[in-house]
**Q** 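Quick one: the structure is below, and I'll ask about it shortly.
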2 protein chains.
Amino acid sequence: MASSRGVRHDSMRARNLAVVLGEIRAAGPLTRAALAELTGLTKTTVSKLVADLLDAGVVVENGAVRDGERGRPGVAVSVSGHRIATLGLEVNVDYLAACVVDLTRTVRVRRVRPADNRGSRPEAILADLRELAGQAVADAERAALRITGAGLAVPGPVQDGLLRNAPHLGWRDIGVAGQLGLHDLACEVDNEANLAALGELWFGSGETDFLYVSGEIGIGAGLVVDGSLFRGTYGLAGELGHVVVVPDGPACRCGGRGCLEVYAGQDALLGAVVPMRGRVAAMPGAAAALPAASASIDGLVSLLEAGDRAALTAAGQAGEALGLALTSAVHLLDPGTIVLGGVFARLFPWLERPVSDVLSARLRQMRRTPPRVAMSAIGADAAVLGAAGLAMQRVIADPAGVLAL
Amino acid sequence: MASSRGVRHDSMRARNLAVVLGEIRAAGPLTRAALAELTGLTKTTVSKLVADLLDAGVVVENGAVRDGERGRPGVAVSVSGHRIATLGLEVNVDYLAACVVDLTRTVRVRRVRPADNRGSRPEAILADLRELAGQAVADAERAALRITGAGLAVPGPVQDGLLRNAPHLGWRDIGVAGQLGLHDLACEVDNEANLAALGELWFGSGETDFLYVSGEIGIGAGLVVDGSLFRGTYGLAGELGHVVVVPDGPACRCGGRGCLEVYAGQDALLGAVVPMRGRVAAMPGAAAALPAASASIDGLVSLLEAGDRAALTAAGQAGEALGLALTSAVHLLDPGTIVLGGVFARLFPWLERPVSDVLSARLRQMRRTPPRVAMSAIGADAAVLGAAGLAMQRVIADPAGVLAL
DNA sequence: GGATTATGTGCAGATTGTGGACTTAATCGT
DNA sequence: ACGATTAAGTCCACAATCTGCACATAATCC
């Protein structure tokens with residue numbers, strides 16, 4: 001219950017600018033009349049606000065709408081991708097990534113650099129990332145884009161801008177944004193799973209209510225309700241990987257026992273089909289250039305496609321464990337649908353059945369229909385895109401403040 | 001992402017009235033100058049807004065503050081409990097309840113009627129409740145209170161005002177508010193666990209971030225983050241009772257297996273100490289007038305106090321199961337603290353240890369400190385009070401609209 | 001008792017949205 | 001082809017609300 005501030009004239013206008021811009025962005029090209037209808041403001045006011053947005057170059061008029069109706073046709077306005085953009089960054093265990101996204105949600109620049117970041121010093125990695133970011137920004141500036149903010153996805157929980165604990169990097173309590181040092185560019189840091197969920201929201205299927213399940217080296221999840229992310233009290237919500245699946249199961253690195261990650265984490269998935277390692281290396285299609293973890297997942301997919309028994313049972317068991325954890329998650333979080341992302345998206349064909357079966361068996365009485373289980377619409381880019389989108393959201397939420405309107 | 005409406009002059013004023021009233025209510029008696037500081041509005045504006053609130057009788061001046069400082073002392077204003085109040089109602093398995101609460105959060109009327117509502121027809125029960133509500137309203141009107149709204153707690157999930165499924169009442173898809181028929185009094189219906197959480201928020205310890213665990217006949221939970229309730233996509237979040245504790249455990253009435261309710265629900269708690277039934281009835285202290293379920297919990301408490309072996313192991317096992325389910329809940333919901341309410345509040349001395357132990361053992365690596373486990377500060381009234389508070393929240397959030405300012 | 005400090009209010013002025021009249025640009029009907 | 005009709009967008013006087021400053025008020029300090 002943060003002490004709420006009163007509304008003054010300038011904040012009223014700032015809010016109305018945001019409402020109009022948000023509506024234009026959300027509902028596609030709209031005429032001023034339609035905007036007046038949607039926002040409850042008068043045509044006069046909308047005209048003035050749109051004029052300001054046009055001046056700032058964030059929206060453009062794109063010609064009269066010829067809808068065959070009677071009366072004067074309106075002039076549709078839509079967001080312009082020509083001026084404003086934001087930077088998305090990601091540090092992950094086996095790669096660094098950067099992207100630039102414009103106001104229309106078009107990806108303008110995309111740069112990925114494979115790397116083995118396990119146990120590396122934060123300074124070194126972040127210097128590499130700064131360089132990558134610099135290249136992406138330079139690309140964007142060549143396209144005459146103005147970068148107004150940045151977002152950064154990291155593989156671990158973030159609290160007050162501090163990366164608390166990234167077990168696979170070996171980092172603890174790192175002030176990532178500060179060490180990254182993007183001179184005068186504000187950079188918001190968040191968990192990879194949270195940002196991937198937002199990526200799915202803004203760049204994916206268009207759904208506004210879902211639980212994004214992020215299968216990376218660890219397992220995380222981000223819940224989106226009515227288009228906004230649920231973070232919990234300290235920003236640590238969504239740790240699906242450590243939901244208890246079997247109370248006296250094998251020990252997990254988190255100190256618990258029988259966590260989901262023990263059954264469906266990448267180590268479990270790959271460990272269950274150990275002999276494949278040799279086979280994969282010998283297979284002609286195996287991409288030798290890719291880092292080890294990724295290659296192994298590729299190998300697992302190949303084995304699954306080939307109908308390998310051990311691989312199929314491993315996937316089936318992981319799917320069942322995932323279904324059990326998701327049963328608890330559905331009861332507690334009440335998500336709209338469930339979107340499987342990351343590694344789970346690649347394994348979707350073999351996971352969908354066991355997950356859905358467990359969910360429907362266990363939820364049948366409580367809900368008329370259990371949540372649908374879907375595959376992520378965007379691939380491995382989800383988190384970087386979400387990071388860029390997060391920064392863009394600040395522009396949408398307060399165009400006046402960001403653009404000095 | 002509901003299409004958001006623009007801000008107009010009247011909504012600006014309405015918002016500022018709400019901000020000022022909210023601040024007065026939240027931060028106790030405040031002078032106009034302090035309000036100006038807190039809200040960011042000017043003293044002039046605050047003066048005008050406060051004048052309107054004084055006219056409406058929702059706040060009162062209570063004399064100059066003599067703080068020993070230099071300068072003219074301010075006049076503190078605080079909310080007035082003399083004019084506005086709301087009605088809270090509850091249908092539960094073994095009682096009906098009504099209460100009237102004023103703007104200062106003082107309970108002005110409280111009426112409880114024991115009843116055995118298992119499998120009863122909604123019409124009959126709701127007619128009884130209407131009568132009880134009428135009596136409470138009459139009491140309030142004798143005290144010159146104006147009832148501006150009502151809230152109703154029911155023992156089951158509510159969606160769009162429809163009570164979906166109350167297994168212990170045997171009700172399904174009942175439009176409770178409509179059938180209750182409180183002529184021109186708006187009545188919002190919600191889950192007992194949700195409203196108990198809000199009751200704890202507004203009438204309890206004053207914490208703003210917690211997971212309220214409601215141990216009634218079933219087990220529910222309500223998550224409060226930063227002073228507001230998390231409801232999930234369809235309003236069904238917080239079903240802690242059906243979190244999976246043992247994947248292949250005994251069947252639960254929900255269709256799943258090994259749900260928390262199987263291990264820590266009231267039936268499990270009482271069933272584990274069956275032989276006591278006879279003993280309880282024979283005990284001199286047993287309140288024979290109370291309904292069966294309640295008497296049994298009284299009996300269990302007596303046995304626990306007497307050190308009965310079977311009772312102690314039953315409580316210990318329930319506590320462990322609760323700890324396991326809460327481990328998953330903490331990972332997914334990230335609550336501030338955990339508040340045990342309802343039956344669990346009465347059993348708190350015997351549950352705290354096992355619950356805390358399981359939580360700290362399993363969460364140690366992921367969080368520096370696992371959430372504190374506390375006992376509900378208010379007793380069995382949590383849900384009715386929350387229902388009244390929910391209605392009161394509408395007054396706070398829009399005094400202009402409700403009071404026709 | 002005068003200087004100082006802080007509260008609360010009055011009044012002119014600034015900002016922003018409103019409402020209706022007006023202009024513009026299309027379709028429809030004859 | 002041309003006027004009637006309809007709807008979009010703009011202009012302008014007006015209204016609602018907040019601001020900023022001046023000023024009266026009421027305490028403490030010395």
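Order of the sequence lines sets the chain letters (A, B, ...), proteins ahead of strands, with each chain counted from 1.
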**Q** Do A:Thr44 and D:dG9 share a donor-acceptor pair, side chain to base, under 3.5 Å?
**A**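 It does not, because no donor-acceptor pair links the side chain of A:Thr44 to the base of D:dG9 below 3.5 Å.
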**Q** 5'-most contact on DNA chain D: A:Gly74 or B:Asn16, nearest heavy atom basis?
**A**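 Looking at DNA chain D, the more 5' nearest nucleotide goes with A:Gly74.
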**Q** Specify the separation, in whole Å, of atom CZ of A:Arg70 and atom P of D:dT5.
**A**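 Taking atom P of D:dT5 as the reference, CZ of A:Arg70 is at 9 Å.
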**Q** From CG of B:Leu49 over to P of D:dA16, roughly how many Å is that when rounded to an integer?
**A**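 Rounded to whole Å, this separation is 16 Å.
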**Q** Do the charged groups of A:Asp52 and A:Arg13 touch, with an N to O distance under 4.0 Å?
**A**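 So A:Asp52 pairs with A:Arg13 through a salt bridge.
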**Q** How many Å lie between CG on B:Leu30 and C1' on C:dG8, as a whole number?
**A**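 Between C1' of C:dG8 and CG of B:Leu30: 15 Å.
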**Q** Tell me which of A:His9 and B:Glu61 sits closer to the 5' end of DNA chain C, going by the nucleotide each one is nearest to.
**A**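 Taking each residue's closest nucleotide, the earlier one in sequence belongs to B:Glu61.
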**Q** How close do B:Ala237 and B:Phe230 get, counting heavy atoms only, and between which atoms?
**A**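 So the minimum-distance heavy-atom pair works out to CB-CE2, 3.7 Å.
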**Q** Over how many whole Å does the gap from B:Arg5 atom CZ to C:dG17 atom P extend?
**A**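 Result: 15 Å.
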**Q** Give the nucleotide from the list C:dA25, D:dC18, C:dG8 with an atom nearest to the side chain of B:Arg32.
**A**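 From the listed options, C:dG8 comes nearest.
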**Q** Could you pick out which residue, A:Arg8 or A:Ala33, lies toward the 5' side of DNA chain D when each is mapped onto its nearest nucleotide?
**A**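 Its nucleotide being nearer the 5' end, the pick is A:Ala33.
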**Q** Mind calculating the distance between NZ (B:Lys43) and P (D:dA24) to the nearest angstrom?
**A**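 Those two atoms, NZ and P, are 15 Å apart.
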**Q** Counting only side-chain nitrogens and oxygens, does B:Arg72 get under 4.0 Å of the OP1 or OP2 atom of C:dT4?
**A**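 Indeed not, no polar side-chain atom of B:Arg72 lies that close.
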**Q** Any base atoms under 4.0 Å from A:Thr31, or only sugar-phosphate, or nothing? Heavy atoms, all strands.
**A**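 The residue A:Thr31 makes sugar-phosphate contact but no base contact.
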**Q** Can you check whether B:Thr45 has a side-chain N or O nearer than 4.0 Å to OP1 or OP2 of D:dC18?
**A**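 Result: no.
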**Q** Starting from P on D:dA16, measure out to CG on B:Asp10 and report it in whole angstrom.
**A**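 Going from B:Asp10 (CG) to D:dA16 (P), I get 10 Å.
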**Q** Both B:Lys48 and A:Ala64 contact DNA chain C. Taking the nearest nucleotide for each, which residue is further toward the 5' end?
**A**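 Final value for this comparison: B:Lys48.
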**Q** Within the 4.0 Å heavy-atom criterion, would you say A:Val75 contacts the bases, only the backbone, or no part of the nucleic acid?
**A**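 The answer is sugar-phosphate, as A:Val75 gets under 4.0 Å only of primed atoms, P, OP1 or OP2.
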**Q** Check A:Glu141 with A:Arg146, please: is the shortest side-chain N to carboxylate O separation under 4.0 Å?
**A**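 Not counted as a salt bridge, because no side-chain N and carboxylate O are separated by less than 4.0 Å.
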**Q** Just to confirm, is there a sub-4.0 Å distance from OP1 or OP2 of C:dT9 to any side-chain nitrogen or oxygen of B:Ser47?
**A**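 Yes.
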**Q** Considering only NZ, NE, NH1 and NH2 on the basic side and carboxylate oxygens on the acidic side, decide whether A:Glu61 and A:Arg32 come within less than 4.0 Å.
**A**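 Salt bridge present between A:Glu61 and A:Arg32.
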**Q** For a quick test of reading the model, state the closest non-hydrogen atom pair linking B:Leu236 to B:Gln159 and the distance between them.
**A**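 Shortest heavy-atom contact: CD1-NE2, 3.3 Å.
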**Q** Using atom CG of B:Leu41 as one end and atom P of C:dT9 as the other, report the distance to the nearest whole Å.
**A**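 Distance, rounded to whole Å: 15 Å.
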**Q** What is the distance from CE of B:Met12 to P of C:dT16, rounded to the nearest Å?
**A**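 So the CE-P distance, B:Met12 to C:dT16, works out to 10 Å.
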